[in-house]
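Order of the sequence lines sets the chain letters (A, B, ...), proteins ahead of strands, with each chain counted from 1.
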Number of protein chains: 2
Amino acid sequence: MKAGDEADGARGRKASKETRRGQLIEATIDSLAKRGYSETTMADIADGAGLSRGIVNFHFESKENLLIATLQFMADEYASHWMGAYDKAGPRAADRLWAIVAADFDRRLCTRRKLAAWCAFWGEAKSRPTYQALCGARDDAYQNTVQDLLAALKAEGGYGYATEALTLALCAMLEGLWFRMMMGDGMTREAAHDGAKDWLAAVFPRHFTTAGPKAE
Amino acid sequence: MKAGDEADGARGRKASKETRRGQLIEATIDSLAKRGYSETTMADIADGAGLSRGIVNFHFESKENLLIATLQFMADEYASHWMGAYDKAGPRAADRLWAIVAADFDRRLCTRRKLAAWCAFWGEAKSRPTYQALCGARDDAYQNTVQDLLAALKAEGGYGYATEALTLALCAMLEGLWFRMMMGDGMTREAAHDGAKDWLAAVFPRHFTTAGPKAE
DNA sequence: ATATTTTGAATGACCATTCAGCAAGTATGT
DNA sequence: ACATACTTGCTGAATGGTCATTCAAAATAT
């Protein structure tokens with residue numbers, strides 16, 4: 001599907017400002033995925049959206065603004081996705097932990113193009129404070145939630161682990177699995193998720209099997 | 001220390017071809033760390049090396065060649081570093097595993113500038129097969145070695161874990177810890193190494209404490 | 001003298017940004 | 001209905017700046 005195709009009435013002049021911004025952000029993700037950060041041009045983005053060359057500056061003022069808006073969009077999407085999974089899961093800590101780990105490997109998030117776009121931003125983050133802040137905020141809330149859930153499991157299950165060390169181990173492993181999916185060396189979404197599930201089942205045998213949380 | 005300063009007789013015209021190439025590679029790492037991939041220019045590299053604008057094309061033909069040579073240099077350095085640690089450790093699997101994990105967090109490898117340079121290359125790797133191959137080769141050999149060592153520990157210690165799942169968990173966590181050091185959000189080299197040591201002690205209590213391998 | 005290494009100005013390609021003008025809608029008046 | 005003025009969204013050629021690359025000349029080494 002091309003970024004220029006839209007479900008609502010986006011054709012012609014009718015598109016609202018927000019619709020256009022959305023189109024351009026999607027085209028930006030496409031371009032980042034296809035060409036990488038350093039080769040992504042305004043022309044490529046505009047062509048991808050099926051619009052003219054000046055359009056980005058009209059809606060976003062500058063290329064930099066568009067890129068920041070794109071990263072912001074992906075960060076928001078990521079956060080609302082796992083938070084939604086957390087809320088939908090039952091009240092039990094085990095269910096919640098299972099749900100947010102599953103959210104990390106959801107089909108909608110781990111597409112080739114989104115992973116590649118994240119990769120492009122991460123590569124630049126080290127030398128761009130704005131990107132770094134947006135990428136970093138991504139993980140802080142997630143990690144705090146994981147830590148609370150692991151503490152709850154420990155209290156319930158009588159495990160001997162130190163909660164902080166466990167949190168670090170789990171979160172670092174999840175990030176490492178993402179990293180491998182991004183690099184693409186044979187690590188599929190399913191294999192990564194299986195790796196995470198194996199870990200949970202091994203560390204919390206009283207709460208999980210590799211198939212899921214145990215019923216009570 | 002600026003890249004232009006060299007221990008051997010690199011001043012003036014005396015420098016050998018290999019010395020010049022080394023200087024330029026170091027200056028490239030500096031520039032990648034300071035400005036990121038997309039803002040690294042030939043002029044910045046040449047200035048950093050204290051040489052003139054045309055010098056890179058004389059020694060490397062093109063910017064792309066210089067970048068590939070730089071990545072190759074870092075990959076070689078990484079590989080020879082952990083392989084050296086492996087060889088220097090005793091014959092016991094526990095000592096060897098401890099040594100190559102320690103090598104991953106060695107002071108010489110985990111400098112701010114090298115981490116930032118790796119970060120820059122990783123960001124572009126997804127859309128550049130040449131970079132991807134060099135980055136991927138980095139980890140394959142390491143992972144195979146880890147897998148063999150974990151299998152040996154399992155045979156010695158009677159642990160119940162599946163070797164492949166453990167290998168994935170450990171290697172993904174190590175990569176995740178690197179990732180966090182790169183992002184710089186408060187993850188120091190020491191803290192990352194401690195995280196890895198805690199993991200080893202928790203998973204293989206009969207072989208390790210957090211201080212190191214147990215004596216026999 | 002010849003070969004090798006280095007310089008730095010010139011070249012040309014690429015690209016973000018600008019802006020004058022066009023097109024499509026909307027409001028007001030007749 | 002129709003005309004007129006005004007607003008908003010959009011276009012694409014022109015502009016100016018940045019950058020990798022080239023190369024003739026200069027400096028140095030053999």
Side-chain angles (χ1 to χ4, degrees), chain A residues 3-6 8-28 30-32 34-70 120 124 127-128 130, chain B residues 3-6 8-28 30-32 34-70 120 124 127-128 130:
Chain A
D5 306 316
E6 291 297 323
D8 62 352
R11 275 272 160 257
R13 302 296 174 112
K14 292 209 268 274
S16 74
K17 253 180 149 81
E18 274 314 303
T19 306
R20 275 281 178 272
R21 285 174 65 95
Q23 282 181 316
L24 289 170
I25 284 172
E26 291 296 328
T28 304
D30 286 338
S31 184
L32 288 171
K34 189 172 28 136
R35 307 166 49 126
Y37 187 96
S38 71
E39 308 240 278
T40 285
T41 64
M42 304 276 265
D44 193 52
I45 291 167
D47 290 353
L51 296 167
S52 70
R53 296 298 155 93
I55 196 73
V56 167
N57 287 282
F58 181 77
H59 285 285
F60 288 92
E61 292 275 304
S62 70
K63 182 185 185 185
E64 180 67 9
N65 278 353
L66 169 59
L67 289 167
I68 289 169
T70 301
E124 290 292 307
S127 46
R128 301 204 182 214
T130 310
Chain B
D5 307 313
E6 292 297 321
D8 62 351
R11 275 269 160 260
R13 303 295 174 114
K14 291 210 271 275
S16 73
K17 252 180 150 76
E18 274 314 303
T19 306
R20 275 280 178 268
R21 286 175 62 96
Q23 281 181 317
L24 290 169
I25 284 172
E26 290 297 328
T28 304
D30 285 338
S31 185
L32 288 170
K34 188 170 32 128
R35 306 165 49 124
Y37 187 96
S38 71
E39 309 240 277
T40 285
T41 64
M42 304 278 266
D44 193 53
I45 292 167
D47 290 353
L51 296 166
S52 71
R53 297 298 155 91
I55 197 75
V56 168
N57 288 282
F58 180 78
H59 285 286
F60 288 93
E61 290 277 303
S62 70
K63 182 185 185 184
E64 179 68 9
N65 278 354
L66 169 59
L67 288 167
I68 289 169
T70 302
E124 290 291 308
S127 47
R128 301 206 182 210
T130 310

**Item:** Listed nucleotide nearest any side-chain atom of A/S52, set D/dC19, C/dA16, D/dT11
**Value:**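 Minimum distance to the A/S52 side chain belongs to D/dT11.
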**Request:** State which of D/dC10, C/dT17, D/dG9 makes the closest approach to the side chain of A/I55.
**Result:**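 Taking heavy atoms from C-beta onward, the closest nucleotide is D/dC10.
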**Asked** Does a side chain donor of either A/S127 or B/E39 reach within less than 3.5 Å of an acceptor in the other side chain?
**Response**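 Short answer, no.
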Starting at [atom1] of [X] and ending at [atom2] of [N], how long is that distance when rounded to a whole Å?
X: B/F58; N: D/dA26; atom1: CZ; atom2: C1'; value: 14 Å
X: A/L51; N: D/dT8; atom1: CG; atom2: P; value: 20 Å
X: A/F60; N: D/dG9; atom1: CZ; atom2: P; value: 13 Å
X: A/E18; N: D/dG9; atom1: CD; atom2: C1'; value: 15 Å
X: A/M42; N: D/dT11; atom1: CE; atom2: C1'; value: 14 Å
X: A/N57; N: C/dA20; atom1: CG; atom2: P; value: 15 Å
X: A/L67; N: C/dC15; atom1: CG; atom2: P; value: 15 Å
X: A/R21; N: D/dG9; atom1: CZ; atom2: C1'; value: 15 Å

**Request:** Between A/R35 and A/G54, name the one whose nearest nucleotide on DNA chain C is closer to the 5' end.
**Result:**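 Looking at DNA chain C, the more 5' nearest nucleotide goes with A/R35.
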**Asked** Do you know the tightest heavy-atom contact between B/I55 and B/A46?
**Response**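 Distance-wise, the nearest heavy atoms are CG2-CB, 4.4 Å.
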**Message:** For C/dT17 and A/K63 - does any side-chain N or O of the residue sit under 4.0 Å from the phosphate oxygens OP1/OP2?
**Reply:**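 No, A/K63 has no side-chain N/O under 4.0 Å of OP1/OP2 on C/dT17.
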**Request:** Respond yes when some side-chain nitrogen or oxygen of A/R53 is under 4.0 Å from OP1 or OP2 of C/dC15, and no when none is.
**Result:**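 No, no such contact exists.
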**Asked** Where the side chain of B/E124 meets the backbone of A/G36, is there a donor-acceptor pair that is under 3.5 Å apart?
**Response**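 Checking the backbone N and O of A/G36 against the side chain of B/E124, no donor-acceptor pair under 3.5 Å is found.
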**Request:** Check B/I25, B/I68, B/T70 against B/F60 for a side-chain contact (heavy atoms from CB on, under 4.5 Å) and give me the one that passes.
**Result:**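 For B/F60, the side-chain contact (heavy atoms from CB on, under 4.5 Å) test succeeds with only one of B/I25, B/I68, B/T70, which is B/I25.
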